[in-house]
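Working notes for the structure below.
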Amino acid sequence: MKKPVSYDHSKIEKKWQSAWKKSGIYKTSEASKKPKSYILDMFPYPSGSGLHVGHPKGYIATDVLARFKRMSGFNVLHPMGWDAFGLPAEEFALKNKIHPSIAVKKNVKRYKEQLSVLGFCYDWDREVNTTDPEYYKWTQWAFLQMHKKGLTYESHEPINWCPSCKTGLANEDLDNGKCERCGSIVEKKPIRQWVIKITDYADRLLKDLDALNWPNSIKESQKNWIGRSEGSELTFKIKNSEESISVFTTRPDTIFGVTYLVLAPESHLVEKLKPQIKNWYKVQSFIKDVAKKTQIERTAEGKEKTGVHLDGVFAINPANDEEVPVWIADYVLADYGTGAVMAVPAHDERDFVFAKKYNLPIKEVIEPVYTKTTGPDAFREGVPYKERHAAVCVIKHWSEDKYLCLDWKKNNWHGFVVGGIESLETAVDAGIREIAEETGYTNLRFVKELGGPIHAKFYQLLKEQNRFAHFHGMYFELVDDSRKEISEGEKAIHDINWVSKQEVMDYLNVDDMKLTWARFLGVEKAYVGSGIITNSGKFNGKDSESIMSEITKFCGGKTVVRYKLRDWVFSRQRYWGEPIPLVHCEKCGVVPVPEKELPLKLPNVKFYEPTGTGESPLAKIDKWVNTKCPNCKGKAKRETNTMPQWAGSCWYYLRYMDPKNKKMLVDPKKEKYWSPVDVYVGGTEHATRHLIYARFWHKFLYDIGVVSQSEPFTQLKNQGLIMGPDGQKMSKRFGNVVNPDDVVKLYGADSLRVYEMFMGPFEQAISWSTDNMIGSRRFIERVWRLKNKVVKKATLKKETETLLHKTIKKVGEDIQDFAHNTAISTMMILLNALETEENVDTKTYETLLLLLAPFTPHLADELWSQMGHKKSIHIESWPICDETKLVNDSFKITIQVNGKFRGVLETNNSEEAFVLNASKKKHEIQKHLEGKEIIKQIYVKNRLVNFVVKG
RNA sequence: GCUCGGGUGGUGGAAUGGUAGACACGGAGGACUUAAAAUCCUCUGACCUUUAAAAGUCGUGUGGGUUCGAGUCCCACCCCGAGCACCA
């Protein structure tokens with residue numbers, strides 16, 4: 001594209017960027033009486049390849065918001081910094097043979113240049129860098145406080161190990177059993193490691209989510225990740241042994257259905273039970289086989305469960321003293337619950353599959369109750385219900401392999417013949433009677449019952465009452481087609497269909513009917529829902545959900561809460577990270593490095609390749625490793641593991657408040673003024689990593705009084721990715737990366753900013769299109785050219801003036817809602833209107849510039865100064881919407897006939913009688929009313945008229 | 001499998017239950033120009049009747065429902081994306 005003569009974006013943008021730098025208008029201070037607003041971006045990890053156009057999307061949105069807030073009278077904190085420890089930087093350094101500290105410096109410089117070109121209003125005096133010793137001093141300090149509070153522990157348990165990155169990983173660092181960074185399949189490897197008890201905070205991390213103004217999806221992800229479940233811990237004694245097996249279950253109500261117990265192959269109990277195990281050799285080799293497998297092999301989809309019986313070991317069911325066999329199997333996880341489960345194959349799908357495979361008994365203890373929860377026939381909670389026993393009849397045709405189904409019209413049920421059993425009837429009698437009444441067939445024979453009762457709770461629309469029905473499934477065969485007349489009443493209720501065997505399952509749309517049919521077909525399945533207890537001694541007949549705690553108590557167990565969240569594996573066997581400030585003393589054991597010795601600096605060395613042995617490369621640096629015990633002054637060695645990449649990003653937003661404080665992590669006064677972060681913007685990829693760690697870290701700091709709020713980020717917004725023009729994720733690999741530097745050179749930063757905000761909804765992923773960007777550039781040029789029409793005084797059309805004030809209102813609202821696309825389109829509409837005016841007065845034009853200032857800061861400041869202003873537009877006040885100007889003199893009333901748009905009435909009289917009359921008189925409405933009777937007239941004041949006509 | 005999003009023209013998308021397609025891109029035609037670019041103006045969901053003006057029918061993934069009126073609310077289903085997943 002050729003550059004137009006008058007609007008030279010590169011000159012203007014450079015000019016204002018240096019002007020802002022010189023005047024320091026974006027410097028932030030706490031010494032202010034204004035209300036504060038803390039607007040934060042997720043700080044970037046400065047990689048070697050620089051930014052692509054997708055990266056700044058979030059930064060532009062926060063920049064727009066920060067500028068808007070500043071103009072609206074807020075004291076705004078809007079900082080930027082660098083997250084630079086960890087594997088990516090280290091790998092980059094190893095590959096390019098430069099020290100990571102140098103590589104990071106270089107990359108930061110490049111990122112900063114790229115960002116500055118876009119005209120962001122960051123206060124660079126507050127820049128932080130997680131690899132700066134003055135910064136990580138406080139990361140180490142926080143770790144020491146956790147250590148002091150007993151929140152850390154040293155463990156040797158097997159953890160996730162990435163063979164390619166040569167380091168242990170936390171659960172959060174995995175992606176489907178693979179290393180999130182390099183994609184290698186992760187192994188389980190026992191290595192010495194430091195672990196943080198994040199699980200102590202699981203409950204609070206979960207509960208406090210509710211109050212946050214975060215996207216649902218992120219809250220859901222975190223809920224999933226934390227994975228709270230309530231259940232019971234029950235103990236099974238082992239026959240002829242001192243040992244016992246504790247199991248965790250969410251279904252204590254099924255304990256009478258336990259037919260075996262399963263331990264995880266890794267369970268330490270197995271070794272203890274060795275004397276009793278008759279097939280020890282087989283058991284041992286099974287354990288070895290399982291240990292060899294990776295997580296992926298063990299959990300691969302569709303993988304068959306395998307296990308081995310511990311021959312000779314019997315566990316005693318605490319509910320009924322029954323002796324059940326004990327197994328070990330790979331489907332039981334060692335690190336969840338107690339590492340052991342009670343197997344109830346009748347009511348758990350996994351146990352069912354396993355029991356089928358190994359021929360273990362299946363014992364039903366719950367009769368199914370299906371409760372309808374959606375639709376007009378949903379069971380109405382809290383309303384009394386009627387109980388009823390009923391016959392359900394599967395009926396086979398006398399000559400074909402077809403089955404008699406009914407289509408209940410009002411209830412929209414597809415099912416079999418069903419009918420209540422009267423008090424003196426047997427189920428079979430009732431079935432025969434109902435079949436005759438509902439279908440007319442009279443000659444049939446009863447073949448068999450279809451299992452035990454099935455219950456259902458629903459709302460019976462025909463009788464208009466809640467029902468708790470107890471169904472008795474039966475199978476009949478017609479002998480011939482002798483049939484009597486069906487009453488009109490029955491005909492009205494349902495249609496009769498003969499459905500072929502293959503189609504019955506799809507035809508049925510009621511769960512209890514489907515189960516009846518499955519029983520008829522002989523299909524066995526675990527019923528995992530709740531229901532009525534059976535085969536369970538004194539608990540029989542009770543509602544399974546209501547007896548959880550009673551049955552737990554009865555078995556001598558206790559109710560407990562378990563989480564999927566695991567403790568945070570906090571050690572990395574790599575060089576480029578914060579050294580963990582602990583010392584191992586021969587005499588005193590683990591001793592923390594005294595706080596006054598912090599920061600414990602990472603030694604600057606030439607060789608820092610990972611060893612792959614489970615030891616950090618730091619272990620080889622004798623000079624650094626060998627130290628004195630701070631306690632006894634005896635010989636000691638430093639901890640050589642480093643912290644994970646996520647450590648530094650757990651609290652950086654606090655440091656921005658007080659970035660240069662040498663005495664503490666953050667001055668409490670400043671913290672109190674700025675906390676919490678009002679708006680936090682970043683990608684969804686941090687849902688279960690950074691955003692969980694940071695919330696945990698913050699809560700810990702809150703507990704020790706360092707911060708004043710229990711949650712760090714009040715509002716969270718996720719920007720949608722910008723995909724490549726080809727619709728794929730932007731990546732070097734696909735060669736579809738668009739570089740912002742090029743775009744800025746060609747179109748200018750303001751155009752890029754407008755385009756990225758105009759593309760579509762902020763949170764939605766969207767493809768880059770340089771073609772579409774033209775529109776944003778044109779918009780800017782038209783604003784630029786509009787100044788030729790500006791005169792001191794001019795009278796605008798009434799509707800243009802209304803539009804102006806509507807725009808002021810909408811743009812402000814939209815910016816705060818992150819609806820930038822509609823904010824911009826509204827300004828485009830205003831511009832279109834202003835262009836139709838003969839002249840535009842200065843005041844109006846300046847208002848437009850003020851509205852544009854957050855989006856196009858360079859253009860706005862340039863035109864502002866051209867209008868004769870000496871001070872920057874960015875320290876001006878946001879224009880005020882004059883509500884009185886929003887009202888039009890007349891309104892356009894939509895006229896509908898039978899709900900269809902037929903015309904518009906423009907009037908200033910909002911009286912109903914007048915509007916209805918005037919509407920009726922209109923020619924285009926007349927047409928649709930002629931010869932018809934108006935049976936209803938609807939009038940929505942000042943907006944709409946609808947004539948309902950007949951004939 | 002469970003949970004959370006989403007499905008609207010050629011394209012990106014807009015729409016407190018009330019004229020679906022704002023705004024923009026692209027396209028068509030025209031003006032200006034020696035010409036092109038840029039700019040400006042007009043048209044641009046599909047179908048259909050008509051010389052035309054104008055009107056009509058259909059139309060927001062599918063099928064039902066509620067309502068005077070549904071892209072929007074309810075039910076069932078299909079498709080796409082994301083998170084979790086042998087978590088007992």
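Order of the sequence lines sets the chain letters (A, B, ...), proteins ahead of strands, with each chain counted from 1.
Among the atoms of the strands shown, only primed sugar atoms or phosphate atoms (P, OP1, OP2) are found under 4.0 Å from some heavy atom of A/Lys936. Within 4.0 Å of A/Lys219, counting heavy atoms only, lies no atom of the nucleic acid at all. Contact annotation for A/Val332: base contact, defined as any heavy-atom pair under 4.0 Å involving a base atom. Base contact: A/Arg566 has a heavy atom under 4.0 Å from a base atom. Among the atoms of the strands shown, none is found under 4.0 Å from any heavy atom of A/Pro215. As judged by a 4.0 angstrom heavy-atom cut-off over every strand, A/Arg562 is placed among residues making no nucleic acid contact. Across all strands, A/His928 comes closer than 4.0 Å only to sugar-phosphate atoms, never to a base (heavy-atom distances). If you check every strand for non-hydrogen atoms under 4.0 Å, A/Val341 touches a base.
When only modelled atom types and interatomic distance are considered, A/Thr684 and A/Asn718 share no side-chain donor-acceptor pair under 3.5 Å. Between A/Asn160 and A/Asn171, the side chains place a donor N or O and an acceptor N or O closer than 3.5 Å (distance only, hydrogens not considered). Between the side chains of A/Asp407 and A/Trp413, not a single donor N or O lies within less than 3.5 Å of an accepting N or O. In this structure, a donor-acceptor pair under 3.5 Å is absent between the side chains of A/Ser530 and A/Tyr370. In the model, A/Tyr459 has no side-chain atom that pairs as donor or acceptor with a side-chain atom of A/Glu464 under 3.5 Å.
The phosphate of B/A88 (OP1 or OP2) has a side-chain N or O of A/Ser229 nearer than 4.0 angstrom.
Distance NZ (A/Lys927) to C1' (B/U57): 14 Å, rounded to an integer number of Å. Computed from coordinates, the A/Met723 CE to B/U11 P distance equals 18 Å when rounded to whole Å. Rounded to an integer number of Å, the gap from CD1 of A/Ile925 to P of B/A55 is 11 Å.
Within 90° of 0 lies the glycosidic angle of B/G9, which makes this nucleotide syn.
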Under 4.0 Å protein heavy-atom contact, by nucleotide of nucleotides 76-81 of chain B - B base, S sugar-phosphate only: S-----

Annotated protein contacts, base or backbone, on nucleotides 18-27 of chain B with a non-hydrogen cut-off under 4.0 Å, one of B, S, - each: BB--BBSSS-

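Under a cutoff of 6.0 Å and an axis angle of 45°, A/Lys305 and A/Phe354 do not form a cation-pi pair. A cation-pi geometry, defined here as NZ or CZ lying under 6.0 Å from the six-membered ring centre and within 45° of its normal, does not hold between A/Arg753 and A/Phe855.
The backbone N or O of A/Thr822 lies less than 3.5 Å from a partner atom in the side chain of A/Thr826, making a donor-acceptor pair. Looking only at distances, no side-chain donor or acceptor of A/Asp814 sits under 3.5 Å from a matching main-chain atom of A/His820.
Distance check on atom C1': B/A38 versus B/C47 gives 38 Å, rounded to whole Å.
Checking B/U57, B/G13, B/A88 against the side-chain heavy atoms of A/Thr249 singles out B/A88 as nearest.
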Bracket string, RNA chain B, 5' to 3' - pairs by Watson-Crick or G-U geometry under 3.5 Å, | interstrand: (((((((..(((.....[....)))((((((.......))))))(((.(....).)))..(((((..]....))))))))))))....

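Residues A/Phe286 and A/Trp327 place their aromatic rings such that the two centres sit no closer than 6.0 Å. When ring centroids are compared, A/Trp225 and A/Tyr563 stay outside the 6.0 Å threshold.
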Trace of the side chain to side chain contact (heavy atoms under 4.5 Å, CB included) decision for A/Val945 with A/Thr894: CA-CA 6 Å; A/Val945 172; A/Thr894 301; over 6 Å; no

